[in-house]
Amino acid sequence: MNELMELLSGDFLPKFLAGMAINFQIAAIALVIGLALGLLLAAGRLSGGVAAAIAVSIIALMRAAPTFVVMFFLLNAIPRNATLFGTPFALSGVMTVALSLVPYSAAYVADAGVDSIRHLRAGATQGALLFFPNLTRAFLVMVMSSSVGAAIGVTEGITVILRQAEQLPSFDDRLVLFAIGIVLFGIPLQAGFMVMSLFQRRFGRSTVEEEASA
Amino acid sequence: MRAHLILRSIAKRCVSKDGQQTRCSFPPFETHAFGVLLRVRLFRVVAVFAALFAFSPAHAEPPDAALAELLSQARAEVPAACTQPDVDRLIKILCAKKIRIGVRDYYPLFAERKGDRREGYEVDVALAIGRMLGVDVDFVRVNAATRIPLLAEDRIDLIIATMGHNTQRDGQVRFIRPHYYRSETTVVGPRELPVASMLDLPGRTVCVTVGNGSNAELVSQGARLMLFDEAGVLPDRLKDQTCTLAAQDDSFFAKYFADADFNARYFQKFGFAQVPWGMAVARQGSAELARALELITQVFHRDGLFIDIGRLHSIRLGFLRQQQEVWRTPECNTDAGSTNPSCILPPLNIALQPTSFAPDVTRFERWVDACTGIDLALPMLKTAPAWSLFKDGVVYSLVLIAGALAATLAFALVLGAAMGSRSFLLRWPARLFTVALQSSPIVLTLVIAATIAHGLFALSTATVLGAAIAALGLANGSNAGQAIGEAMWSLRAEGMQSGLFGRALSRAATQIVAFLINAAKGTPVASFIGAPELLSSLTDITSFSSGRVTTYSILLIFYTAVVLVVVWLCGKLKQILEHRQAAA
């Protein structure tokens, strides 16, 4: 336990917080790109005809693509000396993880977007606003999922915990450190989910009232 | 005069021409800070060579005489043969008065480029060869991927670029023997880390470079690999703790261990896979050049020139000293020494046994290339070890997915029943457990499961798979269980009292199905704790073969297809559950 105390009294917390900031950064990038792509797919899905069929297929494939495999695919499929519009294009570790989350993010946004647009068309404005708490849910899920970056050396929150754990010879100390990690990740996550639930309940109730009055 | 020229050639300065190619100019010898010993040794080599060259004996026994005769005959053909199309590269070099040598740009101690200047063991060996041939040296930048293609395209005459001599490359280039150096793969890690041999590697991640010939051996010992394109990043990845262990040629790490800080923190745990380094020329049209280089390297070994140059650049000298003893023996110190099996070293045998259908696979790759222009590579089907890894990976992936689905369902039922229970003692521990699991990223949950499993059981494939299945089942089952629990409470609120659990399952069908799909999607993450599923297998395969793009495309298609099947099956399950709800 002494080793653990020494570790925690050192620079663990600042390093961990810096790591968690990377988790949030990755999730934010994935959400922004997913938002743009997902809304396009949602529009395609609602347009009908061939475009709708194509959009549905793309969304299904994106939903099925495992983030971890997409990450390794991006890491290995994009040449190191690739160029984009004539300029050198090399993905950083953070961007690789963020892009690997885009299929999930875009598919989620497309599904939520279609629901919201349908609510809007039905005149249920409050129901359409459920899009934003849903977006928050996707963001929080991606914060957690971005820990897969540990597998390719991205220094995010879990990477910091695992590196520190390797320095602890005691099995018990390692488990305590992992528990601390869960608490540190859990606080913002559970707080986020609570806020989101409050919004969902409020909008959900309003939606039911709107639909009843419509 | 000849001796003076050779000494000056070693003391050259290389000036950049176009960022890639470097031409040597010849400043006064005195301006170059060369070791006194090296000068004396070089002078002796050259003096002997010059004397023998002057007399040109017809049937000389020592390599010096044979070299002198060979070069004399070659020079006699210049310039008459210079316009002929199919002359040996040696003649072309003598005609052009320059030799194009491929060297690396960044391989500390062996070949480095600092601004306009190149330096290192291989650079000085190249210059010594240029002087022995009496020509200038044009340096051309090469790396591990380009050195052989550049030779095949006749853009360089000779490779001196940290190239290990193995049976695979033997079919692509002609290696010069004796070899000019020998390295081994060394595993480096923090001093305090208890790793002493291959036996300590199972389950540990080792950082390596793609294409390193020793990767297959690490994989066969149960190590997990993290792949990097360039060796140059490995020390930094050790320092920032991305890598706990790194494996690379000992020649590469030599410079870093010369640094006191690095040496204080890291240690060479053990070495394996010794491989001789060879200069190489093209297989076609280079017979006389190869012969000249063989004789030159014999002389350099015998007279200790390699040792002197090696000492100047602080590389390990054990192999060079051993070779000096060999090439000083009367048996080897002859013009036939380089073909005497007792004098030369065999190439490292890395040939992997091909599968019975490898020729068909190759034909298919060519057909796809011809029809579509797609450079398809299927390394997992061509060699027996890769095929075995691939098959095992597919099987373990399917076992993992089936196990994760079953575990998710089982934990969902147990935790759902507990969370829907009226008993406070059952309900609250289940809720707390669920909140903890929800707060733990899946990677951390997997690591915790693996840590506990390793603490309780001996390390094995079954242990790792079991830990992964438990972790994936708990992470997803807790969420699905929460949905079941909430459904039970909502049913109670509606006044239902009997058949509550069955009805709750039907009501929570959408959530249960969603988390079953999530469990299937999450299975590749199990490779992080060493589960030998398809991602791990293909990463191992690509570490010692080509075709990364195709390999990872196949991986993506495989997992996406499997998840789509799981989605379809879960859709059926959902229909059954919802039908039950409607019937109730």
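Here is the naming used below: chain letters follow the sequence lines, and residue numbers restart at 1 for every chain.
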**Q** Please round to the nearest 0.5 Å and tell me the distance separating atom CZ of A:Phe68 and atom OH of B:Tyr559.
**A**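 Taking CZ in A:Phe68 and OH in B:Tyr559, the distance rounds to 10.0 Å.
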**Q** Could you check which of B:Ile442, B:Ile557, B:Val447 has the highest count of heavy-atom pairs closer than 4.5 Å to chain A?
**A** B:Val447
**Q** Pick one of side chain, backbone, both or neither for B:Gln438, based on which atoms fall under 4.5 Å of a heavy atom in chain A.
**A**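 Both backbone and side chain.
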**Q** Is it the side chain or the backbone of A:Leu175 that comes within 4.5 Å of chain B heavy atoms, both, or neither?
**A** side chain
**Q** Tell me the closest heavy-atom pair linking A:Arg63 and B:Lys521, and the distance in Å.
**A** O-NZ, 2.7 Å
**Q** Specify which of B:Leu555, B:Thr451, B:Ile452 makes the most heavy-atom pairs with chain A at under 4.5 Å.
**A**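 Heavy-atom pairs under 4.5 Å are most numerous for B:Thr451.
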**Q** At what distance, to the nearest 0.5 angstrom, does CD1 of A:Ile158 lie from OG of B:Ser440?
**A** 6.5 Å
**Q** Indicate the atoms forming the closest heavy-atom contact of B:Leu444 with A:Gly181, along with that distance.
**A**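 What the structure gives for the nearest pair is CD2-C, 4.3 Å.
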**Q** Taking side chain as everything from C-beta outward and backbone as N, CA, C, O, which of these in B:Leu535 sits under 4.5 Å from a heavy atom of chain A? Side chain, backbone, both or neither.
**A** side chain
**Q** Side chain, backbone, both or neither: which part of A:Leu162 has an atom under 4.5 Å from a heavy atom of chain B?
**A** side chain
**Q** Counting only heavy atoms closer than 4.5 Å, note whether A:Leu189 contacts chain B via side chain, backbone, both or neither.
**A**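 The side chain, not the backbone.
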**Q** Between chain A and each of B:Val549, B:Asn518, B:Leu556, count heavy-atom pairs under 4.5 Å; write down the option with the most.
**A**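 Option with the top pair count is B:Leu556.
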**Q** As an exercise, state the distance from CG of A:Leu177 to CD1 of B:Ile448, rounded to the nearest 0.5 Å.
**A** 9.5 Å
**Q** Examine whether an atom of B:Val525 lies under 4.5 Å from a heavy atom of chain A, and if so say whether it belongs to the side chain, the backbone or both; otherwise answer neither.
**A** both
**Q** Checking B:Leu534 against chain A: side chain, backbone, both or neither under 4.5 Å from a heavy atom?
**A**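 Looking at B:Leu534, nothing touches chain A.
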**Q** Which atom pair, heavy atoms only, marks the closest approach of B:Leu564 to A:Ala60?
**A**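 Heavy-atom minimum between the residues: CD2-O, 4.0 Å.
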**Q** Under a 4.5 Å heavy-atom cutoff, which of A:Gly153, A:Pro188, A:Ser146, A:Ser145 has the most pairs with chain B?
**A**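 Among the listed options, the one with the most contacts to chain B is A:Gly153.
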**Q** What closest approach, in Å, do B:Ser553 and A:Phe73 show between heavy atoms, and which atom pair accounts for it?
**A**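 It is OG-CE1, 3.3 Å.
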**Q** Nearest heavy-atom pair of B:Thr560 and A:Ala65: which atoms, and what distance?
**A** OG1-CA, 3.9 Å
**Q** Please flag which part of B:Val435 lies under 4.5 Å from any non-hydrogen atom of chain A: side chain, backbone, both or neither.
**A** both
**Q** Given a strict heavy-atom distance threshold of 4.5 Å, which part of A:Phe185 is in contact with chain B: side chain, backbone, both, or neither?
**A**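 Contact with chain B involves both backbone and side-chain atoms of A:Phe185.
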**Q** Between A:Ser147 and chain B, which part of the residue has a heavy atom less than 4.5 Å away: side chain, backbone, both or neither?
**A**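 Both parts, backbone and side chain.
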**Q** Taking the side chain as every heavy atom from C-beta outward, state whether A:Phe72 and B:Pro524 have any atom pair closer than 4.5 Å.
**A**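 With C-beta onward as the side chain, the pair stays apart.
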**Q** Is chain A contacted by the side chain of B:Thr523, its backbone, both, or neither, given a heavy-atom distance below 4.5 Å?
**A** neither
**Q** Of the non-hydrogen atoms in B:Ala436 and A:Ile182, which two are nearest, and what is the gap between them?
**A**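 Residues B:Ala436 and A:Ile182, closest heavy atoms: O-CG2, 3.5 Å.
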